[in-house]
Every structure is written in C-alpha cells, then in structure tokens.
Amino acid sequence: MYYEYQRLLWDDVNFNNLNSIQQEFHWHVLGNVGVFFVDYRGARSWLRNPQDEIEKNNLGNRQWQALQHTFGPNGDFKDCSHAILVSTIPVVLFTKDITKLTAKKIDDAKEQWTYQYSAQQKKLLDIVKGWKDKSSMRQANVVGGDVHFGGHTDIFEGNEKYLKQLTASAL
C-alpha cells in the first residue's frame, strides 16, 4: 500500500519491478526550502546492504553519502534558505539513560537514536548544523513522529540553540 499511495507522491513506481527500488530516503527542493526525508528503518531491513555494518551505521552508507552531499557546499540545498529534516522518529527525544531505562518496559524505546546510535545522531545533527552555519540567513528544523505524542524541542549544543524539532504523532 505504501508504494501505491505515499511513494507515488514523489516517485514513478514501476510495479512490474519493485526490486529496482534501491532506497526509501529522498529529498526535494521546493522554492528556497530543502526537505530531506530520512529512512530510519530500510537500511536495517528490506534494503539491507551487508557492507553497511548496521551496528555502527544505522542509515547505511548510501544514505549518509546522500545527506553529506545534499547538505554540502555543492549539494542540492546550497541555494536554500531553509532546510527541513524529516525522520520517522524524533532525532532527539530522551537522554541515553532515560531511553535505556524506558526500553526495559517499552520495546519501542529500542528504536530511538539514543538507544544504540548516539554517534550517528550527533553526526546527523552536525550535518544539518554545518549547513545552517554556512550563512546567517539559513534556518533549519527537524520533524519527527511515531512516539504517540506531539510537541516541540529546542536542540542545543552547549548554550547555543541551533535547531527546533517538531514531533507529531505519527508520521
């Protein structure tokens, strides 16, 4: 059903050859706004590449390369003044200790970035922050979901607030 409805909004799906689909992540530039849709699960399941070492690299090499290029100096977002990173789960939710404690009772907590992928979480936020810091005219936001509540969070590095995250249930 996903391919029949959602993916058709941004891709011409060849229903005679679904095996030709190599990635679920995608990005678009709409005017001066860049939107990157992260695929948090595909690289660890149906699109798994044995060379990705998923234990250390939750998004897979291809997606990390696309993120670095898209947000890079010559990437598709180079002329954008606003970037939105969309993730199926919040990129920032709870601390690692709270997430580990929660995971003892609620399995879904094991899917959060801080449960197992803190280094990749920082890498992802650094990519977005690096893009934003290239110009004082740039803004960036993170949108996440699938945690059964909504809200907003300011993301800080030290004392500097550099991103706002919106959480919607569910994306």
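Contact of the V92 side chain with the V142 side chain is not registered, since no non-hydrogen atoms from C-beta on lie closer than 4.5 Å. Residues P73 and K78 form no side-chain contact, since every pair of their non-hydrogen atoms from C-beta on lies 4.5 Å or further apart. Here the side chains of W131 and I127 are not in contact, with every heavy-atom distance at 4.5 Å or above. Side-chain contact check for L163 versus L125: some heavy-atom pair is nearer than 4.5 Å. The closest side-chain heavy-atom distance from F77 to K134 is not below 4.5 Å. Two residues are said to be in side-chain contact when any heavy atoms from C-beta on lie closer than 4.5 Å; I89 and Q112 meet this criterion. Contact check for L124 versus W64: side-chain heavy atoms found under the 4.5 Å cut-off. Two residues are said to be in side-chain contact when any heavy atoms from C-beta on lie closer than 4.5 Å; V86 and V35 meet this criterion.
Every salt bridge (charged side-chain N to carboxylate O under 4.0 Å, His left out) that D107 has, sequence neighbours left out, goes to K110. With sequence neighbours excluded, the residues satisfying salt bridge (charged side-chain N to carboxylate O under 4.0 Å, His left out) with K164 are D154.
A parallel orientation is assigned to the rings of H26 and F37, their planes being inclined by less than 30° (bins at 30° and 60°).
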Does the side-chain contact (heavy atoms from CB on, under 4.5 Å) test come out yes or no for H82 and R138, once each step is laid out? CA-CA 6 Å; H82 199 112; R138 288 183 172 175; over 6 Å; no

side-chain contact (heavy atoms from CB on, under 4.5 Å), that's the test. Do S118 and K96 meet it? Break it down for me. CA-CA 8 Å; S118 295; K96 189 172 194 160; 4.0 Å; yes

